[in-house]
Amino acid sequence: MNIQEYFELVWTDYTLRTITLGTAVLGAICGMLGSFAVLRKESLLGDAISHAALPGIAIAFLITGAKDSGTLLLGALVSGLIGTFWIRGITSKTHLKSDTALGIILSVFFGFGMLLLTFIQKQPNANQAGLDKYLFGQAATLVESDVNLMIIVTGISLFVMLLFWKEFKILLFDADYTKTLGFNTKFIDVLITFLIVLAIVLGLQTVGVVLMSAILLAPAAAARQWTNSLGTMVVLAGIIGAFSGVFGTAISASQNNLSTGPVIVLVAGAFVLFSFIFSPKRGILFREIRFRKNRTDLKLMKTLQFMYGVVQDHENISHPHAIRILNNFQGYTRGSLKKLENEGWIAVEGQQWAMTPKGYKRAQEMYNKKAENE
Amino acid sequence: MNQKIAVQIDDLTVAYNYKPVLWDIDLTVPEGVLMAIVGPNGAGKSTLIKAILGIIKPIAGSISIYGKPYTKQRKLVAYVPQKGSVDWDFPTTALDVVMMGTYGSLGWIKRPGEKEKKIALESMEKVGMLPYKNRQISQLSGGQQQRVFLARALVQDASIYFMDEPFQGVDATTEIAIINILKELRKAGKTVIVVHHDLQTVPEYFDWVTFLNVKKIATGPVKDIFNDDNLTKTYGINYKVAVNK
């Protein structure tokens with residue numbers, strides 16, 4: 001199957017449609033909530049939460065013996081939340097910094113989860129296989145009920161996000177100030193964190209514990225490059241996340257069933273790379289172009305200023321002068337002279353130049369502007 | 001003159017990890033003063049403001065605003081945090097930040113509308129930031145960022161303003177603009193409490209001063225208590241001699 005066949009099949013084939021819808025919804029919700037994580041500078045929290053969810057999955061299986069994703073993800077949610085609040089507890093109650101707390105919780109919970117997984121695999125009953133799919137994710141195992149769950153949770157998260165938009169925004173920007181206004185910042189904080197944990201848990205089956213944080217952060221990081229508005233950033237991150245999900249699924253389905261999770265993450269990573277380079281305001285490429293242009297403009301203006309100074313001594317501003325009196329210190333080169341002529345600021349004839357009224361006006365404006373700024 | 005008391009603090013003690021930052025502070029701030037809180041680094045100046053505003057929990061002591069606990073008097077109080085306390089690369093505009101000043105009176109969930117926008121624009125006008133209203137906040141200079149914070153507090157139309165180093169890292173023009181606004185606030189009968197670093201400007205800008213170095217050294221009118229004795233007690237050196245050396 002190639003990509004084209006995939007996009008034809010996706011409308012008719014039940015499995016493909018389910019998986020694609022699932023990864024799209026997942027990408028969207030993770031992108032949106034990931035924006036909050038990125039802006040709170042808690043990017044690594046996502047990584048810690050997803051790893052902290054693993055023992056929950058194993059314990060849920062050990063207790064209930066059930067293998068349906070609903071039960072297992074509930075376990076993941078509980079242990080993810082415990083991990084998160086322990087991280088908060090460690091940072092607020094001890095001298096340890098948050099990176100240390102994240103590292104501790106991440107590795108201890110993950111280690112415990114791996115221990116439980118191997119324990120389960122050694123069990124004699126045949127029912128144990130398949131839990132390890134939560135390590136790296138397996139989109140192919142998504143069924144309609146999983147996707148329905150995703151859609152419901154996404155809907156609720158969206159509703160909460162819109163309802164508390166103002167509160168989320170002000171807390172993200174200035175938590176202390178928010179407190180002085182009388183808002184219960186702890187409640188808003190817990191709400192945001194809970195939504196992020198929910199999104200992560202939702203993605204474990206598809207992307208897996210190990211790669212989950214990438215799908216949370218990459219769309220947000222990419223979106224940040226294109227906009228200076230929080231609303232636009234959240235929406236854009238959602239769109240980029242959804243596209244990553246769909247394209248990732250398409251590529252993985254059409255290329256010999258490459259593992260979906262990693263492909264989604266790579267697609268999202270490509271969005272990030274593209275945004276870092278090509279975004280008009282913050283991108284590397286346009287920054288370099290702007291820098292060069294400014295430098296050239298500055299040289300031109302320097303030459304023009306010098307000419308303006310020379311012309312001041314003459315009654316007729318368009319009185320011709322020798323090119324020889326210009327030198328490199330005024331930013332003069334053959335090229336810059338040509339550019340000045342192209343702008344219509346000077347006229348060049350033989351070995352002489354003369355300022356045009358237009359050029360005179362431009363130079364004058366610059367003096368006025370300088371005076372204004374001072 | 002029987003002045004009303006704006007802020008009353010009794011036996012306030014604050015500690016970070018067992019180390020006292022503020023020790024047994026008693027402080028009375030009368031209504032309508034423009035007060036500087038001065039003291040060396042680590043004296044607990046910002047902490048004092050944060051404790052009054054409930055951002056930091058004290059281990060002991062009581063604080064009242066016009067005779068009632070702060071939680072009942074929030075509407076009377078506005079806060080200008082240190083400029084460096086937030087991430088100015090946050091994706092939002094100057095107007096948006098100023099609008100945040102209306103969030104408190106709006107309460108939960110309700111969104112700001114035209115009325116709030118009008119208030120915010122008026123307040124931006126007062127601090128001379130109207131031309132920059134749609135500017136992304138990361139594109140603002142340090143002085144402009146400080147003015148945005150000031151405008152946000154003005155939006156709250158409070159009776160008491162707490163400001164944490166509003167003159168830090170701003171140029172002379174902005175400093176004059178800000179102090180003029182503070183003086184206007186005082187003229188309007190408001191109480192303004194400012195964490196301040198520049199001792200030279202205290203007599204010129206303020207009419208009331210509190211010397212703080214973990215303990216309260218002195219508090220009162222600038223003309224009565226802003227003297228070598230208190231400066232030396234607060235900073236541990238003979239300030240005038242040290243400066244003139």
Side-chain angles (χ1 to χ4, degrees), chain A residues 35-36 38-43 91-96 159-188 191 220-237 279-282 372-374, chain B residues 16-18 46 49-50 52-57 70-75 77-83 85-94 96-97 99-112 116 134-139 148-149 152-153 155-156 158 160-162 164 173:
Chain A
S35 304
F36 293 142
V38 167
L39 290 175
R40 300 189 82 185
K41 304 192 173 44
E42 284 187 340
S43 301
T91 22
S92 64
K93 299 256 166 11
T94 72
H95 289 264
L96 296 172
F159 176 73
V160 173
M161 200 158 78
L162 286 174
L163 197 64
F164 293 105
W165 181 257
K166 173 178 109 237
E167 286 77 13
F168 283 6
K169 181 169 161 180
I170 190 170
L171 183 82
L172 290 177
F173 178 63
D174 194 346
D176 279 355
Y177 182 71
T178 312
K179 209 169 180 182
T180 68
L181 291 180
F183 290 101
N184 184 341
T185 48
K186 230 174 214 155
F187 171 73
I188 310 173
L191 201 59
R224 180 67 189 91
Q225 298 295 310
W226 297 94
T227 175
N228 279 326
S229 137
L230 179 63
T232 317
M233 175 178 168
V234 170
V235 171
L236 199 60
S279 93
K281 276 189 183 147
R282 301 162 75 97
E372 229 172 69
N373 283 340
E374 281 160 5
Chain B
Y16 291 134
N17 303 316
Y18 311 110
S46 299
I49 286 192
K50 285 183 179 171
I52 297 171
L53 295 170
I55 298 168
I56 291 173
K57 227 177 163 174
Y70 170 66
T71 45
K72 297 223 166 84
Q73 305 279 49
R74 282 187 206 281
K75 296 252 151 77
V77 173
Y79 173 47
V80 179
Q82 270 187 34
K83 187 160 55 74
S85 66
V86 302
D87 173 16
W88 288 95
D89 197 36
F90 191 82
T92 193
T93 60
D96 233 16
V97 173
M99 293 267 267
M100 288 176 184
T102 66
Y103 285 12
S105 58
L106 281 169
W108 288 92
I109 294 166
K110 218 175 143 217
R111 299 285 179 90
E116 283 74 24
N134 294 322
R135 192 69 75 86
Q136 154 69 20
I137 54 171
S138 65
Q139 313 278 314
V148 165
F149 262 9
R152 182 175 72 172
V155 161
Q156 292 177 251
I160 309 175
Y161 289 82
F162 290 93
D164 204 342
T173 328

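Letters go in sequence order (proteins before strands), and every chain restarts at 1.
- No part of B/F162 comes within reach of chain A, as not one of its non-hydrogen atoms sits under 4.5 angstrom from that chain.
- For the atom pair CD1 (B/I49) and CG (A/D176), the distance works out to 12.0 Å, reported to the nearest 0.5 Å.
- Of the listed residues B/D96, B/V80, B/I137, the one with more heavy-atom pairs under 4.5 angstrom with chain A than any other is B/D96.
- Looking at A/R282, only its side chain comes within 4.5 Å of chain B, counting heavy atoms on both sides.
- Proximity to chain A is absent for every atom of B/Y16, based on heavy atoms less than 4.5 angstrom apart.
- With a 4.5 Å cut-off on non-hydrogen atoms, A/F168 does not touch chain B at all.
- Separation of atoms CD (B/Q139) and OG1 (B/T93) is listed at 12.0 Å; rounding is to 0.5 Å.
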Tell me, with the steps shown, if A/L181 and B/M100 meet side-chain contact (heavy atoms from CB on, under 4.5 Å).
-> CA-CA 9 Å; A/L181 291 180; B/M100 288 176 184; 5.6 Å; no
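- The cationic group of A/K166 lies under 6.0 Å from the six-membered ring centre of B/Y103 and within 45° of the ring axis, placing it in a cation-pi geometry.
- Only the side chain of A/F164 has a heavy atom closer than 4.5 Å to any heavy atom of chain B.
- Residue B/K50 touches chain A through its side chain alone, counting heavy-atom pairs closer than 4.5 Å.
- Taking a cutoff of 4.0 Å between a charged side-chain nitrogen and a carboxylate oxygen, B/D89 and A/R224 qualify as a salt bridge.
- Residue B/I56: no heavy atom, backbone or side chain, is found under 4.5 Å from chain A.
- Listed options B/R74, B/R152, B/K110 were ranked by heavy-atom pairs under 4.5 angstrom with chain A; first place goes to B/R152.
- Between the CG atom of A/D174 and the CZ atom of B/F90 there is a distance of 10.0 Å, given to the nearest 0.5 Å.
- The residue among A/L163, A/T227, A/I188 with the most heavy atom pairs within less than 4.5 Å of chain B is A/L163.
- If you measure heavy-atom distances from A/K169 to chain B, the contacts under 4.5 Å come from both the backbone and the side chain.
- Taking all atoms of both residues into account, the shortest heavy-atom contact from B/M99 to B/P112 is CE-CB, 4.1 Å.
- The aromatic rings of A/Y177 and B/Y79 sit parallel, their planes meeting at an angle under 30°, below the 60° perpendicular limit.
- Only the side chain of B/V97 comes within contact range of chain A, with at least one heavy atom under 4.5 Å from a heavy atom of that chain.
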